[in-house]
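This report refers to the structure that appears directly beneath it.
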Amino acid sequence: MEIVILPDADRVARTLADVITARVQSGPCTLGLATGSSPLGAYQELIRRYRAGEVSFRDCWAVLLDEYVGLAPGHEQSYARVIRDEFTGQVDLPPDHVLVPDGSAQDLPAAAAEFERRRHEVGPVAVQVLGIGANGHLGFNEPGSSLGSRTRIKTLTEQTRADNARFFGADETVPVHVLTQGLATILEAEHLVLVATGTGKADAVAAAAEGPLTASCPASVLQLHPHATVVVDEAAAGSLAHADRYRRQLALKPDWQPL
Ligand code: F6R
C-alpha cells in the first residue's frame with residue numbers, strides 16, 4: 001500500500017483526477033466510482049478537464065460501489081442520480097454505460113447477483129475510487145463485513161446514517177438498508193485509490209493502513225491488494241504512526257514510477 005500525504009484537499013482531488021486521467025487516456029476502461037463527499041473535488045476537476053478538451057470518457061464505463069434500498073427511482077439522493085448529477089452526466093460518458101446496483105428491485109438478492117454478473121461483463125475495473133467511513137467502512141461494508149463478501153444487502157449502522165443525514169432533507173429519513181459491492185468484489189479492481197480528507201477520517205485511515213487486517217475495520221482489506229493507494233491531506237493523516245516514512249518514500253519516488 002502506498003500512502004500519499006498532501007498539504008490539502010485540493011491537492012488530494014487533483015491527484016485522484018491525475019490517476020483517472022492517465023488511465024482513461026491510455027485506452028477504453030471501466031472506472032469504479034464512489035459517491036459521498038470525498039471524491040467530489042476530483043470529479044469537478046475531471047469535468048473541468050473534459051470541458052477543456054483534455055480528456056474524454058466516451059469509451060468508458062462507470063460502475064458504482066453501492067446504492068440505497070427503498071428510495072424511489074430518480075430520488076435525488078439515490079446514488080444513481082448523485083453520480084449522474086455530480087460527474088457522469090457532466091462529461092461525455094454514455095448514460096447507458098453507468099452500472100448501479102438496483103436498490104429499488106423487489107428481489108434484492110437477484111438484483112445483487114445481476115449487478116455482479118454485469119460488473120464482470122463490463123469489467124475489469126481499472127481504477128476503483130474509494131472513500132472511507134469514520135468507522136472504517138468501505139463501500140457500505142460496515143464493521144463486521146466478511147472480507148470475502150460479494151454484492152449483497154447490508155444494514156447501515158446508526159453512525160453512518162447520522163453521517164449521511166446531511167445529504168437528506170430535514171423531513172426525510174436516511175434508508176436503513178443498502179446494496180453494496182462486497183469487499184472481495186472491490187478487491188478485483190486493478191488499482192484501488194482511497195481518498196480521505198479532514199480530521200474526522202484520521203483514526204479510520206490509520207486503522208485501515210496501519211492496524212490489523214480485520215473485518216472490524218473493513219477498509220483494512222486494502223492491505224491485501226497489490227496496488228492500493230491511499231491519498232490523504234495532512235488532517236486525515238493526523239493519526240498515522242509512520243507519516244514521516246510515507247513522506248520520505250514519496251519524496252524519493254522515482255519520476256518514472258506513477259502512483
Ligand atoms: C459511497 C461509499 C461510502 C463513502 C464513505 C465516505 O459510495 O461507498 O463508503 O465513500 O461513507 O463518505 P464521505 O466521502 O461522504 O465522507
Side-chain angles (χ1 to χ4, degrees), residues 9-10 12-13 15-17 20 31-44 62-69 71 75-88 98-103 112 115 119 125 127-145 149-168 174-187 189 192-205 207-208 215 217-222 228-233 235-236:
D10 188 50
V12 170
T15 299
L16 174 56
I20 294 173
L31 299 172
L33 301 180
T35 48
S37 53
S38 301
L40 284 182
Y43 295 157
Q44 282 157 14
V63 178
L64 246 62
L65 277 174
D66 40 22
E67 178 60 287
Y68 290 114
V69 164
L71 294 182
H75 187 289
E76 62 178 24
Q77 286 312 319
S78 76
Y79 284 169
R81 170 84 182 270
V82 168
I83 202 65
R84 191 182 74 205
D85 290 351
E86 303 287 2
F87 179 43
T88 57
V98 183
L99 186 62
V100 188
D102 182 2
F115 175 81
R119 183 182 173 283
V125 170
V127 178
Q128 176 64 61
V129 177
L130 296 165
I132 185 171
N135 63 2
H137 73 221
L138 198 66
F140 273 142
N141 295 280
E142 298 281 32
S145 294
S149 50
R150 313 294 315 185
T151 303
R152 70 221 182 285
I153 188 168
K154 289 295 287 181
T155 307
L156 294 180
T157 62
E158 281 309 308
Q159 181 184 350
T160 299
R161 293 184 68 231
D163 287 347
N164 287 5
R166 68 190 193 279
F167 297 116
F168 286 80
V174 181
V176 173
H177 294 113
V178 291
L179 284 180
T180 181
Q181 287 190 32
L183 295 170
T185 319
I186 292 169
L187 285 181
L192 305 181
V193 187
L194 186 149
V195 286
T197 57
T199 52
K201 298 293 175 69
D203 290 349
V205 166
C217 178
S220 67
V221 79
L222 263 68
T229 309
V230 175
V231 187
V232 291
D233 66 358

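If you're wondering where the values come from, they're calculated on a predicted model, not measured in any experiment. Start at 1 and go down the list; that is how both ligands and their atoms are numbered.
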Where does [X] meet ligand 1, judged by heavy-atom distances below 4.0 Å: at the side chain, the backbone, both, or neither?
X      : answer
Thr35  : both
Arg166 : side chain
Asn164 : neither

Inset, instruction - Considering the heavy atoms of Asp66, write down every atom of ligand 1 situated less than 4.0 Å from one of them. - result: 1 (C), 2 (C), 7 (O), 8 (O)
Legend entry - Ligand-residue contact atoms, ligand 1 with Leu65, heavy atoms, under 4.0 Å: 8 (O)
Closest contact, heavy atoms only, [X] versus [Y]:
X      : Y      : result
Gly133 : Ala204 : O-CB, 3.4 Å
Ala202 : Ala235 : CB-O, 3.6 Å
Pro39  : Val129 : CB-CG1, 3.8 Å

Legend entry - Asn164 side chain reached by Tyr68 side chain, heavy atoms, under 4.5 Å: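 Heavy-atom side-chain distance check passes, below 4.5 Å.
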Legend entry - Test item: Leu130 and Leu65 side chains (from C-beta on) under 4.5 Å apart, heavy atoms: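 Of all side-chain heavy-atom pairs linking Leu65 with Leu130, at least one is under 4.5 Å.
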Legend entry - With Ser38 via side chain to side chain contact (heavy atoms under 4.5 Å, CB included) - residues at least two apart: Val195, Lys201
Legend entry - Options Gly139, Gly131, Ser37, ranked by nearest heavy atom to atom 3 (C) of ligand 1, top entry: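 Looking at heavy atoms only, Gly139 sits closest to atom 3 (C) of ligand 1.
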Inset, instruction - Mark the output for Gln181 as yes if a heavy-atom distance to ligand 1 is under 4.0 Å, and as no if none is. - result: no
To the nearest 0.1 Å, how far is [atom] from its closest protein heavy atom, and which atom is that?
atom                    : answer
atom 16 (O) of ligand 1 : Lys201 NZ, 2.7 Å
atom 6 (C) of ligand 1  : Ile132 O, 3.4 Å
atom 14 (O) of ligand 1 : Ser38 OG, 2.5 Å

Inset, instruction - Ignoring angles and geometry beyond distance, decide whether Gly133 reaches within less than 3.5 Å of ligand 1 through its nitrogen or oxygen atoms. - result: no
Legend entry - Check: His137 N/O within less than 3.5 Å of ligand 1 N/O: yes
Legend entry - side-chain hydrogen bond (donor to acceptor under 3.5 Å, both in side chains), paired with Arg152, selected from Thr180, Asn141, Thr185: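 Only match with Arg152 under side-chain hydrogen bond (donor to acceptor under 3.5 Å, both in side chains): Asn141.
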Legend entry - Sequence-distant partners of Tyr43, ring pair (Phe, Tyr, Trp, His ring centres under 6.0 Å), two or more places apart: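 For Tyr43 the ring pair (Phe, Tyr, Trp, His ring centres under 6.0 Å) partners, ignoring immediate neighbours, are Phe87.
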